[in-house]
2 protein chains.
Amino acid sequence: MTAKCLCKSVPDAEMRKINKGLPESETIDYLSDFFRVFGDSTRLRILYFLSRHEFCVADLAILTGMQQSAVSHQLKILRLHRLVRSRRDGTTIYYALDDLHVQKVFDIALEHVKESFK
Amino acid sequence: MTAKCLCKSVPDAEMRKINKGLPESETIDYLSDFFRVFGDSTRLRILYFLSRHEFCVADLAILTGMQQSAVSHQLKILRLHRLVRSRRDGTTIYYALDDLHVQKVFDIALEHVKESFK
DNA sequence: GCGATATATGAACACATATTCATATATAAG
DNA sequence: CTTATATATGAATATGTGTTCATATATCGC
């Protein structure tokens, strides 16, 4: 892959600099995975509820209106991406947010939504 | 769907408050759509390049190592979500970022990546 | 008008993913 | 040990999505 600009609109030196600045593919993949987790309405609702209080799986099923199994599957994804953590109390397992950035990500996305609706 | 907590860990009043605070489904869907756009490595690379300079489609194809058609399809998605805009100059069409939040979203995601790698 | 070039688009395909159903696991109470 | 309850998990299915290929559209120069 050459870094030469076909359109001649960008100087070669600038072109190489930009091309070099691209994060390595491992980072890009990690980032896209991270965003994809937020790209599902069920997971977003779960994250919202957990941003307000810890909840057990059954409660999250009621709150989201999903089946327990569906919630459990999604919680696993959130756990693997370290966005939530769980603690056991008897047979009940409580989930809570485990990432400081979740709230920030929410806020900025909401800003975007507001802008787009103008 | 009742708002009563099965686990009795959350007072009913608090439960109702949290349930009421959930953004309406239209907003949730809009948010998840927004995040899903970032959830693809090709689109992320395109957004990175456009965050540095405007580029024509052919250049983006070279930079990303993808076919022109693939890039064009992804640009359409980015356009529909108002993350990029385009201007025509003869037969060439230049794309540029069209959202102030893109950079912010990138930054926070990168923070998350750094934290997770600790 | 014609040909050349840049981009866009539709169909087809392969692959990913969210949900459901049935069932397994784990803990507690008796 | 048995039963009941909460959660997790595997298989199946339906739906969504990214890429490729072929082709259409749009603009420019002649």
Side-chain angles (χ1 to χ4, degrees), chain A residues 4-10 25 28-29 31-47 49-50 54-81 84-96, chain B residues 4-10 25 28-29 31-47 49-50 54-81 84-96:
Chain A
K4 195 163 168 57
C5 174
L6 284 183
C7 293
K8 309 292 182 196
S9 65
V10 185
S25 63
I28 293 282
D29 290 345
L31 278 179
S32 58
D33 283 351
F34 174 73
F35 285 122
R36 201 156 46 238
V37 176
F38 286 86
D40 177 80
S41 58
T42 299
R43 284 192 293 269
L44 276 192
R45 288 201 302 275
I46 292 175
L47 287 174
F49 289 123
L50 296 183
E54 70 167 14
F55 282 105
C56 66
V57 180
D59 280 2
L60 288 172
I62 292 173
L63 285 166
T64 58
M66 306 289 297
Q67 289 190 191
Q68 173 268 319
S69 175
V71 173
S72 212
H73 278 298
Q74 298 304 343
L75 284 171
K76 183 176 188 175
I77 293 174
L78 294 172
R79 235 186 311 120
L80 290 176
H81 286 85
V84 305
R85 62 186 148 74
S86 60
R87 69 175 179 88
R88 177 182 282 277
D89 180 13
T91 59
T92 304
I93 296 185
Y94 291 95
Y95 280 85
Chain B
K4 196 164 167 55
C5 175
L6 285 182
C7 293
K8 309 292 182 196
S9 64
V10 184
S25 63
I28 293 283
D29 290 344
L31 278 179
S32 58
D33 284 351
F34 174 73
F35 285 122
R36 200 155 46 238
V37 176
F38 287 86
D40 176 79
S41 59
T42 298
R43 284 193 292 271
L44 276 193
R45 289 201 302 273
I46 291 174
L47 287 174
F49 288 123
L50 295 183
E54 69 168 14
F55 282 105
C56 66
V57 179
D59 280 1
L60 289 172
I62 292 174
L63 286 167
T64 58
M66 306 290 296
Q67 290 190 188
Q68 173 267 319
S69 176
V71 172
S72 213
H73 277 298
Q74 299 304 344
L75 284 170
K76 183 175 188 176
I77 294 174
L78 294 173
R79 234 187 312 120
L80 289 175
H81 286 84
V84 305
R85 60 185 149 75
S86 61
R87 69 176 179 89
R88 176 182 283 276
D89 180 15
T91 59
T92 303
I93 296 185
Y94 291 96
Y95 279 86

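Lettering follows sequence order; numbering is per chain, from 1. If you're wondering where the values come from, they're calculated on a predicted model, not measured in any experiment.
Taking atom NZ of A/Lys76 as the reference point, atom P of D/dT9 lies 4 Å away to the nearest angstrom. Computed from coordinates, the A/Leu44 CG to C/dT17 C1' distance equals 16 Å when rounded to whole Å. Distance B/Ile46 CD1 to D/dG18 P: 11 Å, rounded to the nearest Å. We find that CD1 of B/Ile93 is positioned 12 Å from C1' of C/dT5, with the value rounded to whole Å. Computed from coordinates, the A/Leu78 CG to D/dA8 C1' distance equals 15 Å when rounded to whole Å. Whole-Å rounding puts the A/Leu80 CG to C/dT17 P distance at 13 Å. The nearest whole Å value for the distance from the CZ atom in A/Arg36 to the C1' atom in C/dT17 is 10 Å. For the pair A/Ile77 CD1 and D/dT7 C1', the interatomic distance rounds to 16 Å; values are reported in whole Å.
At a cut-off of 3.5 angstrom, the base of D/dT9 holds no donor-acceptor pair with the side chain of A/Ser72. Within 3.5 Å, no donor on the side chain of B/Thr92 pairs with an acceptor on the base of C/dT5, nor the reverse. Residue A/Gln68 places a side-chain atom within donor-acceptor reach of the base of D/dA8, judged by atom type and a 3.5 Å distance cut-off alone.
Of all heavy-atom pairs spanning B/Thr42 and B/Gln74, the tightest one is CG2-CG, 4.1 Å. Heavy-atom minimum distance, B/Ser41 versus A/Asp29: CB-OD1, 3.7 Å. Taking every heavy atom of both residues into account, A/Cys56 and A/Thr92 meet most closely at CB-CG2, 3.4 Å. In terms of heavy-atom proximity, B/Tyr95 sits nearest to B/Ser86 at CE2-CB, 3.7 Å. Taking all atoms of both residues into account, the shortest heavy-atom contact from B/Phe49 to B/Thr64 is CE1-CG2, 4.0 Å.
Comparing B/Gln67 and A/His73 along DNA chain D, the residue whose closest nucleotide (by nearest heavy atom) sits nearer the 5' end is A/His73. Checking A/Asp89 against A/Thr42, the closest nucleotide of DNA chain C that is more toward the 5' end is the one next to A/Thr42. Both B/Leu75 and A/Gly39 sit near DNA chain C, but only B/Leu75 has its closest nucleotide nearer the 5' end.
Proximity of a side-chain donor or acceptor of B/Asp40 to a complementary backbone N or O of B/Arg43 within less than 3.5 Å is detected. Not one N or O on the side chain of A/Arg85 forms a donor-acceptor pair closer than 3.5 Å with the backbone of A/Ala96. Under a 3.5 Å cut-off, the side chain of B/Arg79 and the backbone N or O of B/Val84 do not form any donor-acceptor pair.
An OP1 or OP2 oxygen of C/dA6 is reached within less than 4.0 angstrom by no side-chain nitrogen or oxygen of B/Arg88.
Among the heavy atoms of the strands lying under 4.0 Å from A/Tyr95 are primed sugar atoms or P, OP1, OP2 only; no base atom is included. Across all strands shown, A/Leu60 has no heavy atoms under 4.0 Å from either base or sugar-phosphate atoms. Within the 4.0 angstrom heavy-atom criterion, base atoms lie near A/Ala70.
Across C/dA18, C/dA22, C/dA6, the shortest atom-to-atom separation from the side chain of A/Ser69 is found for C/dA22. Of all nucleotides listed (D/dG18, D/dT27, C/dT20), D/dG18 comes nearest to the side chain of B/Asp40.
Two end axes, each from the C1' atoms of five base pairs, can be drawn for the helix from C/dG1-D/dC30 to C/dG30-D/dC1; they diverge by 20°, to 10 degrees.
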